[in-house]
Amino acid sequence: MHEKFLKPYDAKATEEATYKRWEESGFFNPDNLPPIDTAQGKAERSEPFTIIMPPPNANGSLHAGHAVFVAIEDLMIRYQRMRGKKALWLPGADHAGFETQVVYEKKLEKEGRTRMGMDPDALRQEIMDFTLTNKSFMEGQLRQLGASCDWSRERFTLDPEIIETVYGTFKKLHEDGLVYRGARSINWCTKHQTSLSELETESEERIDPLYYMKYGPFILATVRPETKFGDTAVAVNPNDPRYQEWIGKEIEFEGLIGTVKLKVIADEYVDPAFGTGVVKITPAHDPNDFEMAKRHNLEIVEVIDRYGKLNEKCGKYAGMKVEEARKAVAADLLERGLIDHVDEEYKHAVKKCYKCERVLEPRVLPQWFVKMAPLAAPVIEAIERDEVIFYPDHYKKIMLHWLRNIEDWNVSRQIVWGIPIPAWYKDKEVHIGTESPGDGWIKETDTFDTWFSSGQWPFATLGYPDGSDFKQFYPTQVMETAGEIIFFWVARMLMLGTYRTGRLPFSTVYLHGIVTAKDGKKMSKSKGNVISPLELSEKYGTDALRMGLIIGNTPGTTTALYEDKIKAYKLFSNKLWNITRFIFENAETVGHTEDAPLNAADATRLAEFKALAADVTKDIDEYRFYMAGEKLYGYLWHTLADAILEESKPILKEGSAEAKASRLTLLMLILKDSLKLLHPFMPFITEEIWTHIPARSNLLLVEAWPQP
RNA sequence: GGACGGUUAGCUCAGUUGGUAGAGCAUUCCCUUCACACGGGAGAGGUCACAGGUUCGAGUCCUGUACCGUCCACCA
């Protein structure tokens with residue numbers, strides 16, 4: 001027996017070397033996997049099993065959420081590899097456009113710099129250097145967590161081939177009439193100086209004053225008096241008897257900065273029961289008003305600029321920030337007797353930037369939109385036919401609801417860190433392509449929403465359309481990711497993948513919940529409750545960390561991560577280590593044997609173990625990893641160690657030669673197969689022990705899963 | 001305003017198709033016995049949120065209520 005077993009298991013001292021052995025074996029690459037053992041002898045692996053890794057944002061360290069996906073996806077991949085599949089886990093990294101730009105802007109801020117006024121190319125290069133540095137850190141961290149992914153196939157969302165695929169999709173969308181550039185009301189963040197998609201906004205309930213203002217013959221209610229300079233109409237409901245005589249007429253009255261002339265329009269949108277049943281229409285700064293303006297061909301007058309300040313059209317209020325202007329305008333209106341009354345307790349929702357929580361300013365800007373309803377339609381049908389299975393299954397309903405009510409997607413971002421939108425303009429003409437079509441064309445400066453590229457990740461990474469990987473590994477089997485990004489990412493992958501390739505990109509979606517602190521609160525730097533998975537891995541071993549992240553973690557629900565839990569599985573590592581020591585010690589003293597006939601008692605024990613193995617296998621096949629892990633833990637501790645080892649002591653000491661041989665055979669069989677069953681959960685310690693198993697043939701990594 | 005998830009031992013959570021409740025941590029007592037003190041043994045601790053219903057039998061299925069949480073939603 002190796003002297004290692006005389007000391008407690010030292011995770012830190014073995015993990016790095018073990019990972020190196022795996023990586024050098026080449027077996028992370030499915031092309032290099034050895035043949036599998038079948039009843040008919042050796043056979044080449046033919047059936048692929050593919051997981052595309054959710055590419056972590058290359059802008060910081062891996063957090064607990066990443067550790068969860070590594071634990072779960074690596075479990076699936078290792079399991080399927082042992083089951084004889086051609087297992088591919090394709091790693092990647094995301095440039096994470098807006099997210100990274102925000103991170104980098106904070107860094108600039110700390111250095112007393114700002115991105116405004118910087119040369120875009122220089123800024124882009126700086127962020128690229130920053131991103132590539134983080135990317136390599138992140139890759140090291142994935143290795144530390146034991147990810148058995150194929151590094152030779154790693155992709156980055158800014159790789160030239162990926163960008164080419166993304167451009168191809170954009171071009172196809174354009175040719176199919178599914179992408180358009182249009183002036184629409186968009187969500188504008190005055191801090192980040194970019195538009196955001198609907199998903200990137202958060203709404204917050206607020207209580208604000210509702211001002212009832214006098215508009216000529218009308219009194220109308222608004223929470224935003226400061227936008228009145230951009231009014232281009234007032235609207236009433238066409239069936240409202242109170243205002244029939246005014247419809248189509250023009251009203252004229254003295255406002256704060258001169259005479260105001262507004263047309264009275266009738267629109268079903270106006271709710272006669274709300275306020276006075278009259279609405280002022282400010283198309284430039286309210287999405288509903290914009291829609292009405294389109295229906296009635298109203299003028300769009302912008303009065304708030306990109307920084308959230310009133311512009312030159314606002315007379316003496318020009319230069320004021322929105323909030324400041326609101327107070328000033330309200331005060332002046334009151335003084336001039338133009339306010340009828342104020343409802344101080346008006347409850348309503350405002351949209352905020354999900355990053356900085358500033359209130360977003362609706363602005364009308366030309367942006368690129370993708371028409372989503374036609375992309376969603378085939379996906380809705382496929383989900384209804386259960387061609388995509390969700391774990392947990394209630395996400396099916398959530399997904400369908402979102403897809404059925406989908407809105408067009410604004411894919412334009414006014415930031416430098418992203419894939420440039422390949423478009424050129426000349427007068428009213430638009431050209432799609434990366435090269436200028438000739439003199440006088442102006443290049444688009446916007447970049448794509450990062451999700452537009454990551455939404456194409458499964459087929460882009462596999463080399464669509466001609467790559468052999470695409471032919472072999474697409475569609476993939478499982479998409480495992482955080483429930484939080486089901487709309488951002490999973491829905492977009494389903495739609496763009498189906499649109500571009502004609503096939504769904506994956507057939508199973510497994511969504512894990514967010515990882516919280518022990519009190520159930522979300523981890524955040526400001527709360528100071530962030531737990532680094534890498535520190536826990538250093539302290540207790542990656543295996544313990546992974547076990548702690550798997551057990552008790554059901555899909556879709558939040559999981560609390562805390563040190564005690566991980567510590568418990570460190571003790572389990574130790575237990576397994578000592579079980580091994582006991583068996584090895586006895587193999588030495590009694591004489592090593594693995595193929596003696598089993599007596600009745602030992603046959604019963606073996607049957608009991610086989611039942612466990614079958615149970616665990618079924619649980620993994622049915623995505624109940626948390627149960628499989630707990631069963632293994634329970635069996636190894638309470639059956640193998642507490643019962644079998646204890647009853648073995650007298651047998652191995654005083655039993656007959658046959659009894660000893662039978663028992664030792666049993667112990668070796670159980671140990672070996674236990675290591676296999678446990679490998680996907682605790683890859684490092686099992687591989688380390690496997691090294692010391694006599695007559696082993698290969699790395700445990702590629703051993704065959706115990707036959708059920 | 002819709003929809004979803006949760007409510008099980010002090011804490012964090014399991015409980016697959018309905019068959020008199022489980023794990024880890026914490027806690028009480030005992031034990032340095034030859035795999036392991038990074039351990040072992042024994043114990044305490046729960047009317048499974050509440051109210052009905054289905055059933056021979058419900059934590060598990062149905063209806064409703066309460067509380068917590070999340071997502072979606074353009075009423076100025």
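A quick note: this is a predicted structure, and the numbers were derived from the prediction, not measured. Letters go in sequence order (proteins before strands), and every chain restarts at 1.
The side chain of A:Tyr540 places no N or O atom within less than 4.0 Å of a non-bridging phosphate oxygen (OP1 or OP2) of B:C38. When the side-chain nitrogen and oxygen atoms of A:Thr554 are compared with OP1 and OP2 of B:U16, none of them lie within a distance under 4.0 Å. Regarding contacts with the backbone of B:U16, every side-chain N or O of A:Arg624 stays at 4.0 angstrom or more from both OP1 and OP2. Contact between the side-chain N/O atoms of A:Trp637 and the OP1/OP2 oxygens of B:G40 is found at a separation under 4.0 Å. The phosphate of B:A35 (OP1 or OP2) has a side-chain N or O of A:Lys649 nearer than 4.0 angstrom. OP1 or OP2 of B:C4 has at least one side-chain nitrogen or oxygen of A:Lys397 nearer than 4.0 Å.
The CE-P distance, from A:Met547 to B:C38, rounds to 21 Å in whole Å. The nearest whole Å value for the distance from the OH atom in A:Tyr626 to the P atom in B:A23 is 18 Å. For A:Asn578 and B:A37, the CG to P distance is 7 Å, given to the nearest whole Å. Taking atom CD on A:Glu200 and atom C1' on B:C71, their separation rounds to 17 Å, with Å as the unit. Remark: P of B:A35 and NZ of A:Lys653 are 9 Å apart, rounded to the nearest angstrom. A:Phe582 places its CZ atom 14 Å from the C1' atom of B:G40, with the value rounded to the nearest Å. Atom pair A:Ile531:CD1 and B:U12:P shows a separation of 14 Å (rounding to whole Å applied). Whole-Å rounding puts the A:Lys522 NZ to B:C71 C1' distance at 12 Å.
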Expected rows: protein N/O vs nucleotides 74-76 of chain B N/O, under 3.5 Å:
{"residue": "B:C74", "atom": "O2'", "partner": "A:Asn288", "partner atom": "ND2", "Å": "2.8"}
{"residue": "B:C74", "atom": "N1", "partner": "A:Asn288", "partner atom": "OD1", "Å": "3.0"}
{"residue": "B:C74", "atom": "O2", "partner": "A:Asn288", "partner atom": "OD1", "Å": "2.7"}
{"residue": "B:C75", "atom": "O2'", "partner": "A:Tyr269", "partner atom": "OH", "Å": "3.0"}
{"residue": "B:C75", "atom": "N3", "partner": "A:Asp271", "partner atom": "OD2", "Å": "2.7"}
{"residue": "B:C75", "atom": "N4", "partner": "A:Asp271", "partner atom": "OD2", "Å": "3.4"}
{"residue": "B:A76", "atom": "OP2", "partner": "A:Tyr346", "partner atom": "OH", "Å": "2.3"}
{"residue": "B:A76", "atom": "O5'", "partner": "A:Tyr346", "partner atom": "OH", "Å": "3.4"}
{"residue": "B:A76", "atom": "O2'", "partner": "A:Ala221", "partner atom": "O", "Å": "3.2"}
{"residue": "B:A76", "atom": "N6", "partner": "A:Asp271", "partner atom": "O", "Å": "2.7"}
{"residue": "B:A76", "atom": "N6", "partner": "A:Phe274", "partner atom": "O", "Å": "2.8"}
{"residue": "B:A76", "atom": "N1", "partner": "A:Asp271", "partner atom": "N", "Å": "3.2"}

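For the P atoms, the distance linking B:C29 with B:A21 amounts to 29 Å, nearest Å. B:G10 and B:U27: their C1' atoms are spaced 9 Å apart (whole Å). Comparing B:U33 with B:G40, their P atoms are spaced 15 Å from each other, to the whole Å. A gap of 13 Å separates the C1' atoms of B:U20 and B:C48, to the nearest Å. For B:A51 and B:U17, the C1' atoms lie 27 Å apart once the distance is rounded to whole Å. Distance check on atom C1': B:A44 versus B:A49 gives 24 Å, rounded to whole Å. To the nearest whole angstrom, the two P atoms, one in B:A3 and one in B:U8, are 25 Å apart. Taking atom P on both B:U28 and B:G53, the two are 44 Å apart, rounded to the nearest angstrom.
Contact annotation: side chain of A:Lys575 to base of B:C36, donor-acceptor pair present below 3.5 Å. For a distance-only test at 3.5 Å, the side chain of A:Lys570 qualifies as a donor-acceptor partner of the base of B:C38.
Taking every heavy atom of both residues into account, A:Met547 and A:Gly629 meet most closely at CE-O, 3.6 Å.
Across all strands shown, B:C38 remains unpaired; no Watson-Crick or G-U wobble contact has both distances below 3.5 Å. Using N1 to N3 plus N6-O4 or O6-N4 for Watson-Crick, or N1-O2 and O6-N3 for G-U wobble, each under 3.5 Å, B:G59 pairs with nothing. Pairing for B:U70 goes to B:A3, judged as Watson-Crick or G-U wobble with the two contacts each under 3.5 Å. Both distances falling under 3.5 Å, in either a Watson-Crick or a G-U wobble arrangement, place B:G22 opposite B:C13. Base pairing of B:U27: its partner is B:G43, meeting the Watson-Crick or G-U wobble criterion (both donor-acceptor distances under 3.5 Å). Searching all strands for a Watson-Crick or G-U wobble partner of B:U33 with both distances below 3.5 Å returns nothing. Across all strands shown, B:C50 forms a Watson-Crick or G-U wobble pair, both distances under 3.5 Å, with B:G64.
Between A:His692 and A:Phe5, the two ring planes are perpendicular [angle over 60°; tilted spans 30° to 60°]. A perpendicular orientation is assigned to the rings of A:Tyr633 and A:Tyr569, their planes being inclined by more than 60° (bins at 30° and 60°).
Backbone-only contact: A:Tyr633 has heavy atoms under 4.0 Å from sugar-phosphate atoms and none from a base. Note on A:Thr557: only backbone sugar-phosphate atoms sit closer than 4.0 angstrom, heavy atoms only; bases stay farther off. Residue contacts shown for A:Lys618 are absent, as no nucleic acid heavy atom lies under 4.0 Å away. Here A:Ala235 lies out of heavy-atom contact (under 4.0 Å) with every strand. A:Glu646 comes within 4.0 angstrom of a nucleotide base, judged by non-hydrogen atoms across all strands. Within 4.0 Å (heavy atoms only), A:His638 reaches sugar-phosphate atoms of the nucleic acid but no base atom. A:Asp619 comes within 4.0 angstrom of a nucleotide base, judged by non-hydrogen atoms across all strands.
A salt bridge is defined here as a Lys NZ or Arg NE, NH1 or NH2 lying under 4.0 Å from an Asp or Glu carboxylate O, and A:Glu361 with A:Arg363 fails to meet this definition. Under a 4.0 Å N-O distance rule, the pair A:Arg295/A:Glu268 does not qualify as a salt bridge. Using a 4.0 Å cut-off between charged side-chain N and carboxylate O, A:Lys355 and A:Glu200 make no salt bridge.
For A:Ala568, whose side chain is taken as the heavy atoms from C-beta onward, the closest listed nucleotide among B:C72, B:U16, B:G24 is B:G24. With B:A35, B:G24, B:G15 as the choices, the nucleotide that has an atom nearest any side-chain atom of A:Glu585 turns out to be B:A35.
A donor-acceptor contact shorter than 3.5 Å is absent between the side chain of A:His296 and the backbone of A:Leu298. At distances below 3.5 Å, not a single donor-acceptor pair connects side-chain atoms of A:Thr282 with backbone N or O atoms of A:His285. Between the side chain of A:Arg242 and the backbone N or O of A:Pro272 there is at least one donor-acceptor pair closer than 3.5 Å. A donor-acceptor contact shorter than 3.5 Å is absent between the side chain of A:Glu630 and the backbone of A:Met627.
Mapping A:Thr559 and A:Ile398 onto RNA chain B by nearest heavy atom places A:Ile398 at the nucleotide closer to the 5' end. Both A:Met627 and A:Gly552 lie close to RNA chain B; mapped to their nearest nucleotides by heavy-atom distance, the more 5′-ward contact belongs to A:Gly552.
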Solution key, residues 395-406 of chain A side-chain donor-acceptor pairs under 3.5 Å, sequence neighbours excluded:
{"residue": "A:Lys396", "atom": "NZ", "partner": "A:Asp386", "partner atom": "OD1", "Å": "2.8"}
{"residue": "A:Arg404", "atom": "NH2", "partner": "A:Glu384", "partner atom": "OE2", "Å": "2.5"}
{"residue": "A:Asn405", "atom": "ND2", "partner": "A:His401", "partner atom": "O", "Å": "2.7"}

